[in-house]
Number of protein chains: 2
Amino acid sequence: MPIKSRIRTIPHYPHQGIMFRDITTLLKDPVGLRATVQEIAQRYREMKIDKVVGIESRGFIIGTPVAYELGLGFVPIRKPGKLPSETVGRDYDLEYGSDRIEIHVDAIQPGERVLLVDDLIATGGTAEAAVGLIQEMGGIVVECCFVVDLPDVGGRARLENLGQKVFALCEFSGE
Amino acid sequence: MPIKSRIRTIPHYPHQGIMFRDITTLLKDPVGLRATVQEIAQRYREMKIDKVVGIESRGFIIGTPVAYELGLGFVPIRKPGKLPSETVGRDYDLEYGSDRIEIHVDAIQPGERVLLVDDLIATGGTAEAAVGLIQEMGGIVVECCFVVDLPDVGGRARLENLGQKVFALCEFSGE
């Protein structure tokens, strides 16, 4: 397991009871970074992807080398006010309060086949909002791809219930 | 100029009088992303770099594919409170107020040769703080690498006055 074994767990971060899955130990290792990017790229090489979209900011770290390896362009989805040109945005609920993500209106053309990438799926709220933004622009989300899935938290099921395909390189469940 | 010509200028963002250099148009173009990563990687392939460090968050977008292409690991420098394990941090001045960046204490080993990457150098304040953090951990900053240099703002001269080497793929000056 070149990938899962290189992910570090930080207990009680950022809150008591949370087991935080830290991918920085995976990324700083040349073998870990290479395996992560190549496993993802290998899966999508024949799926006729037009563009890779990554969610700020750990999704940038995974999504950009995947786009590069596949010979595609990369589009960032960012927190509010971070993108300089015209955007569309979407609000979504958090455990406490809400948040918002935005994308440039000219980032995706109607009919483009998009791979959505983030480091981790937990509740799936951010990913659901991102899927909505891509669809609002006429893009087709081919699959939602993560390094880590936390199946106990339900995000994969939430996206699959929306008709989305979900892929993750590894899972952490009750460990 | 496959790189400079793909960077979009947004006048008066985020403030009146600022010409914002927007690399999202470069990155979403497969030719632009590929040329950016390969030009940088080509420069450093023979320089015995051990690790690539990128500054949150556009530095992640450039730094990670460069690390991947060079077969190296990637280390993020982040805003306060974003890294889950033990960190060291450094405050630096902004035009109005101050900011802070942090790095994991176990991210760099003493003597490692580091390439520091960000999308753009303006005043150089963030880059100077990042160089200080890497040096505090015993790392050697081989060069500070940017996609865009704004020479009129003085960041390159500031870093060079500290003894740092600076490289940028393109410059915008009074345009």
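Keep in mind that what you see is a predicted model, and the values were worked out from it rather than measured.
Heavy atoms of Leu27(A) lying under 4.5 Å from chain B belong to its backbone as well as its side chain. When heavy atoms are compared at a cutoff of 4.5 Å, Phe74(B) approaches chain A by way of both its backbone and its side chain. For a residue to count as touching a neighbouring chain, one of its non-hydrogen atoms must lie under 4.5 Å from one of that chain's; by this rule Leu83(A) touches chain B with backbone and side chain alike. Of the atoms belonging to Pro76(A), it is side-chain heavy atoms, and not backbone ones, that fall under 4.5 Å from chain B.
Residue Lys28(A) holds its NZ atom at 13.0 Å from CG of Asp50(B), rounded to the nearest 0.5 Å. Atom OG of Ser57(A) and atom CZ of Arg78(B) lie 3.5 Å apart (nearest 0.5 Å). In this structure, NE2 in His104(B) is found 8.5 Å from OG1 in Thr25(A), a value given to the nearest 0.5 Å.
By the 6.0 Å and 45° rule, Arg34(A) stacks over the aromatic ring of Tyr68(B).
With hydrophobic clusters built from ILVMFWY side chains whose heavy atoms lie under 4.5 angstrom apart, Ile101(B) does not share a cluster with Leu159(B). Note on Ile23(A) and Phe20(A): separate hydrophobic clusters, where clusters join Ile, Leu, Val, Met, Phe, Trp and Tyr whose side-chain heavy atoms are under 4.5 Å apart, directly or indirectly. Linking Ile, Leu, Val, Met, Phe, Trp and Tyr residues whenever their side-chain heavy atoms come within less than 4.5 Å leaves Leu162(B) and Ile140(B) in two separate clusters. If you chain together hydrophobic residues whose side chains sit under 4.5 Å apart, Ile55(A) and Val88(A) fall into the same group. By the rule that hydrophobic residues join a cluster once side-chain heavy atoms approach within less than 4.5 Å of another member, Val117(B) and Val142(B) end up as members of one cluster.
For the residue pair Gly71(B) and Pro30(A), the shortest heavy atom distance occurs at O-CB, 3.4 Å. Scanning both residues, Tyr13(B) and Gly81(A), for their nearest heavy atoms gives OH-O, 2.7 Å.
Heavy-atom pairs under 4.5 Å with chain B were tallied for Arg58(A), Lys51(A), Glu69(A); the largest tally goes to Glu69(A). When each of Val75(B), Ile61(B), Leu33(B) is scored by its heavy-atom pairs under 4.5 Å with chain A, the top score falls to Ile61(B). Of the listed residues (Gly73(B), Pro65(B), Pro84(B)), the one with the most heavy-atom contacts under 4.5 Å to chain A is Pro84(B). With respect to chain B, the highest number of heavy-atom pairs below 4.5 Å among Ile62(A), Val37(A), Val66(A), Asp29(A) belongs to Val37(A).
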